Amino acid sequence: MSTKTIIITGASRGLGLAIAQDAAALGASVAMFARSAELLAQEAQNIRDAGGAALAVPGDISQLADCRRLVEKTMSNFGRIDSIVHNAGMLEPIAPIAEADPAVWQQNLMTNLLGPMMLTQAALPYLRQNRGRVIHVSSGAATYAIAGWSAYCATKGGLNQLSRALAIEEELVTSLAVRPGVVDTEMQALIRTLGAEGMPEAAYQRFLNLKEKGELLPPEVPGGTLAVLALYAPREWDGDFLSWDEERVQELVRMYATRGD
Ligand SMILES: NC(=O)c1ccc[n+]([C@@H]2O[C@H](COP(=O)([O-])OP(=O)(O)OC[C@H]3O[C@@H](n4cnc5c(N)ncnc54)[C@H](OP(=O)(O)O)[C@@H]3O)[C@@H](O)[C@H]2O)c1
């Protein structure tokens with residue numbers, strides 16, 4: 001079994017929770033981070049009940065003190081940090097630039113982009129020790145624009161660049177950005193609720209159709225892939241922007257998905 005320790009942000013629900021469950025099932029110790037303290041504690045307990053090693057650290061990724069505390073708690077509890085999965089994220093504001101609330105835009109920037117930078121910075125001394133991996137959960141919207149999503153597109157595009165900058169600056173750390181596909185989580189539910197107001201009709205309808213046709217991915221499908229990447233992504237992929245379902249990624253998953261070490 002692996003004794004590696006992975007920090008997973010946004011682990012209270014959705015994709016992040018699935019990554020934590022899968023990483024624990026692969027034998028990793030998981031430090032789970034999100035703001036919903038009770039929910040997070042319950043999910044960490046569920047993982048421990050299933051035989052895994054899990055620690056709940058409640059906090060807000062946009063706050064420097066919380067990022068530093070997450071690293072300290074992980075170190076005092078597990079004694080090492082091998083990987084971070086920067087998964088915590090928000091979509092809002094869903095509104096055209098002409099109408100978007102700058103305060104919500106700023107919150108998006110701090111959650112989706114500044115938060116990952118602050119957490120990586122706090123954990124770097126430990127990541128270097130273990131030749132660690134940093135996985136940035138990105139989006140197709142990092143590379144093309146969706147009307148009504150200016151903050152999300154800008155911060156996910158920025159996250160890809162943060163990942164590339166980390167790759168060239170830190171020789172001992174492997175950094176990747178990964179698009180997880182379109183996943184059946186609360187973020188998708190939010191699009192279906194708020195999208196009618198803030199998005200053009202055609203773009204909004206596309207997301208309604210994906211749900212109606214059952215074409216959204218269950219979180220555990222890309223979640224399992226992200227857990228394998230956090231543990232085993234090859235060094236040669238350093239700096240790459242990957243899609244969860246591309247062949248080289250799924251080949252890695254087939255190789256490692258049931259293996260601990
Ligand atoms: N769903 C999709 O189709 C899709 C597609 C492409 C990319 N993604 C990306 O996948 C990641 C996970 O999204 P999801 O779909 O699972 O969404 P979700 O269900 O809304 O989950 C978001 C998670 O992030 C946490 N979070 C949000 N703001 C936070 C903050 N300030 N500090 C700490 N934690 C925070 C939330 O927990 P608390 O509220 O408890 O803090 C929750 O655990 C995001 O980065 C998203 O952009 C999703």
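Every number for a ligand or one of its atoms is a count from 1 in the order of the listing. This structure is a prediction, so every number in the text was calculated from the model and none was measured.
Given atom 7 (C) of ligand 1, the protein heavy atom at minimum distance is Ser138 O, 3.1 Å. Nearest protein heavy-atom neighbour of atom 13 (O) of ligand 1: Met187 CE, 4.0 Å. Ranking the protein heavy atoms by distance from atom 47 (O) of ligand 1 puts Tyr152 OH, 2.6 Å first. For atom 12 (C) of ligand 1, the closest non-hydrogen atom of the protein is Asn87 OD1, 3.1 Å. Protein heavy atom nearest atom 35 (C) of ligand 1, with residue, atom name and distance: Ala88 CB, 3.7 Å. Atom 43 (O) of ligand 1 has as its closest protein heavy atom Ser12 OG, 2.8 Å. Looking only at heavy atoms of the protein, atom 4 (C) of ligand 1 is closest to Gly181 O, 3.9 Å. Summary of contacts: the protein heavy atom closest to atom 25 (C) of ligand 1 is Gly10 CA, 3.5 Å.
The shortest separation from a heavy atom of Lys156 to ligand 1 is under 4.0 Å, placing the residue in contact. Pro219 does not count as a contact of ligand 1, since none of its heavy atoms falls under 4.0 Å from the ligand. Taking 4.0 Å as the cut-off, Ala141 does not count as a neighbour of ligand 1 on heavy-atom distance. Within the 4.0 Å heavy-atom cutoff, Gln188 counts among the residues contacting ligand 1. Contact analysis puts Thr111 in contact with ligand 1, with a non-hydrogen atom separation below 4.0 angstrom.
In terms of modelled atom types and a separation under 3.5 Å, the side chain of Asn130 and the main chain of Ile81 share a donor-acceptor contact. With hydrogens and angles disregarded, no donor-acceptor distance shorter than 3.5 Å links the side chain of Arg192 to the backbone of Lys211. Formation of a donor-acceptor pair under 3.5 Å by the Arg69 side chain with backbone atoms of Pro58 is found in this model. Under the 3.5 Å distance criterion, the side-chain polar atoms of Lys4 are left unmatched by any main-chain donor or acceptor of Arg80. At least one donor-acceptor pair closer than 3.5 Å links the side chain of Asp66 to the backbone N or O of Asp60. Checked by atom type and distance alone, the side chain of Tyr152 never pairs as donor or acceptor with a backbone atom of Glu92 at under 3.5 Å. A distance-only check finds a donor-acceptor pair linking the side chain of Asn108 to the backbone of Met90 [under 3.5 Å]. For Asp82 (side chain) and Thr5 (main-chain N/O), a donor-acceptor pair under 3.5 Å exists by modelled atom type.
For a threshold of 3.5 Å applied to N or O pairs, the pair formed by Leu15 and ligand 1 contains at least one separation below that value. On a distance-only criterion, Val183 and ligand 1 share at least one N/O pair closer than 3.5 Å. Residue Ser139 places no N or O, backbone or side chain, under 3.5 Å from any N or O of ligand 1. The shortest N or O to N or O distance between Gly14 and ligand 1 is not below 3.5 Å.
Salt bridge annotation for Arg254-Glu247: present, with a cationic side-chain nitrogen under 4.0 angstrom from a carboxylate oxygen.
Of the candidates Arg35, His86, Glu186, Arg13, the one placing a heavy atom closest to atom 41 (O) of ligand 1 is Arg35. Here atom 14 (P) of ligand 1 lies nearest to Thr185 when heavy atoms of Thr185, Ile61, Leu216 are compared.
Each of the following atoms of ligand 1 lies closer than 4.0 Å to a heavy atom of Val182: 3 (O). Listed by number with element, the atoms of ligand 1 under 4.0 Å from a non-hydrogen atom of Asp60 are 30 (C), 31 (N), 32 (N).
Of all non-hydrogen atoms in Asn160 and Ser138, the two that sit nearest each other are OD1-OG, 2.7 Å.
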